[in-house]
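A quick note: this is a predicted structure, and the numbers were derived from the prediction, not measured.
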Amino acid sequence: MQASAISSFVGFDDRRITQPNINQHWHRLSTAQRFAFYTLAKLGYQLLFVRQSKNEKTAVVRQDGKLVTIDSQGDIDFNPSLVLRENR
């Protein structure tokens, strides 16, 4: 992630040892995010995870390496300034 994206997540550096599964992420989505994701899922996007800060939940989805975010209101950003770290 770039610095601007990192600063929007409180406690970003505090990583869990075990990661939630997709069902747990799905239940974290707002209703608006679920409707937006349904639209993207029809195009082949997959839900990766949901990041939550004090006031905002951001869903991150991917299709063929292209990342997209969905904010709590269901607004889709097809060009987010977001970089995922790779598992080693």
Self-check item: Greater than 12 external heavy atoms within 6.0 Å of Gln63's CD
Solution: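 Result for CD/Gln63: enclosed.
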Quiz item: Quick check: are there more than 12 heavy atoms from other residues, nucleotides or ligands sitting under 6.0 Å from NZ of Lys42?
Solution: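 No, NZ of Lys42 has 12 or fewer neighbouring heavy atoms, counting only those of other groups under 6.0 Å.
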Exercise. List for me each residue that meets ring-ring contact (aromatic ring centres under 6.0 Å, His included) alongside Phe78, sequence neighbours excluded, and say none if there are none.
Key: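 Testing Phe78 for ring-ring contact (aromatic ring centres under 6.0 Å, His included), a comparison that skips the adjacent residues, returns none.
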Tell me, do [X] and [Y] make a side-chain contact under 4.5 Å, heavy atoms counted?
X	Y	value
Gln33	Lys57	yes
Leu48	Leu67	yes
Ile70	Leu40	yes
Leu29	Val50	yes

Practice problem: With Arg34 as the cation and Tyr38 as the aromatic partner, state whether NZ or CZ is under 6.0 Å from the six-membered ring centre and within 45° of the axis. | Solution: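 Ring-cation test returns no.
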Quiz prompt | Closest non-hydrogen atom pair, Ser30 against Ser72 | solution =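 Taking Ser30 first and Ser72 second, the nearest heavy atoms are OG-O, 2.9 Å.
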Quiz item: Of Val60, Asp77, Asn79, Ile76, which is the lone residue that meets side-chain contact (heavy atoms from CB on, under 4.5 Å) with Val68?
Solution: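 Exactly one pass, corresponding to Ile76.
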Exercise. Report the residues that fulfil side chain to side chain contact (heavy atoms under 4.5 Å, CB included) with Thr39, sequence neighbours left out, ordered by chain and then residue number.
Key: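 Expected list: none.
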Self-check item: Side chain Glu56, main chain Asp71, donor-acceptor under 3.5 Å
Solution: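 Judged by distance alone, no pair lies under 3.5 Å.
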